[in-house]
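Atoms within a ligand are numbered from 1 in the order they appear, just like the ligands themselves.
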Amino acid sequence: MTDETRSETTGPGRRAMLLGGAGAVGSVLLGTRLSFAQPTRPTVVQAAASGTAKSVHLAGTDGWVSMPAGSPPDLPFFPDSLAPSPFDTYVFGFRDVTAMATAQEVAAVRGKAQISAPMLAFDEGDDVTIKLSNLGLLMRPDLFDGHTLHWHGFVNAIPLFDGVPELSLAVPIGRDLSYFYRPHDAGTYMYHCHFEDVEHVQMGMTGMVFVRPKQNGTRVGNVPTGVRLAYAYNDGDGSTRYDREFAFMITELWSAAHYRDAHIQVSDWTDYAPSFWLLNGRGYPDTIAPNGDPQVTAGGRLQYQPISSLITCNVGETVLLRLSNLGYQNHPLTLDNVDMQVIAKDASLLRGRDGSTNYQVTNTVDVGPGESRDVLVTPRQPGEYLLYDRNYAYLGNGGGPGWGGMMTVLRVGAAGTYAPQTQPNT
Ligand SMILES: [Cu+2]
């Protein structure tokens, strides 16, 4: 995946240095700026690219993750007695194996799924190939479930690659399938496995996809010189330009169902009663653990929940929040003291037929299951602001005391606090 950040004043030389130098070069250029602004590994899948042809390799399997420390036991479901330390919850999920050279390396990912799924980003008009390998379920050799890739909301010309197994095909254990797409419409989408979908989606096979507009890298409308030329949509007037972007996969997690999948039992999904409410696979306060946090790297308890939801920016910058809900509940997300401008719903720019803008300014954005929203915020004061689910029942972890669940922090620094963003969610 190529970063679309092109600024007229910096040129490709500095851009290449910024992109390539997460370590040494970055720290020299950025001086005293906060170190955790530099990710330790890519937050979006780095598609192998030649020209506009981009290829990604994902693996589907099972694994173990960790809900927030201090969540009360709900025996026998939580913590799961089969979970290896430091984990407590059984999941299904995807992993990005694009960079792996051998089939042995890919096979070694079996039993090491992540939630939420790897974040994917493509440019409008790319020829995208996504190879999906089904590695099977380490905990459930009795199950012969397939996996698929369904790009939710994507206008797909070929049902064969839409990932609905009843209408086309799924990937059996031990096999690969390459899906071909050419995204024509910029926007924020989501993807998920569609095999036994109520189960596989709840178990964790959900992730974000975004398509970056052709307009990127050009200056339109009244956009000033010297700023990042990144846009959410082909708006024609620069009204969707942003300095930083953060994406949020909204889900819930029902511990009892996850326990039953690990212990060879079945769930009645009409009893759905989630225990945890998650952003990018984590409940608060895990949501704000930054990239590079020891819990996330090097064998930490969040190593299979690698996507941070901590939002950082400098005062006056415009931040794009990409919100997608693949849970089964409605989630009204509130941001206190900073206006939210909703610019798109379900990957559609809010425009009238005559081209007039119909953006909405609000402090609460309701995101229903299967829906996405694109929101711009421009904080005017340094400080910390909470982004949280306005339904207080969803602000806890497993019924325990204190705040938890679907909440994260927008941290606004004085000008120059944070280095220019090179990847989403950093
Ligand atoms: Cu699946």
Exercise for review: Measure from NZ or CZ of R260 to the centre of the six-membered ring of F77, then state whether that distance is under 6.0 Å and the direction lies within 45° of the axis.
Suggested key: yes
Review point. Out of F94, F154, W151, which residue meets the ring pair (Phe, Tyr, Trp, His ring centres under 6.0 Å) rule with Y191?
Key: F94
Which pairs would a plain distance check flag for residues 165-178, meaning a side-chain donor or acceptor within less than 3.5 Å of a matching protein atom at least two apart in sequence or in another chain?
residue : atom : partner : partner atom : Å
S168    : OG   : V164    : O            : 3.2
D176    : OD1  : S133    : OG           : 2.6

Study note, to complete from the structure: Sequence neighbours excluded, the answer for salt bridge (charged side-chain N to carboxylate O under 4.0 Å, His left out) partners of D126 is K54
Check your understanding: With respect to F276, which candidate in W254, F78, Y284 satisfies the ring pair (Phe, Tyr, Trp, His ring centres under 6.0 Å) definition?
Key -> F78
Exercise for review: With sequence neighbours excluded, tell me which residues meet ring pair (Phe, Tyr, Trp, His ring centres under 6.0 Å) with F210.
Suggested key: none
Revision key, fill the gap. Counting only protein N/O/S atoms, those under 2.8 Å from the Cu ion (ligand 1) total 4
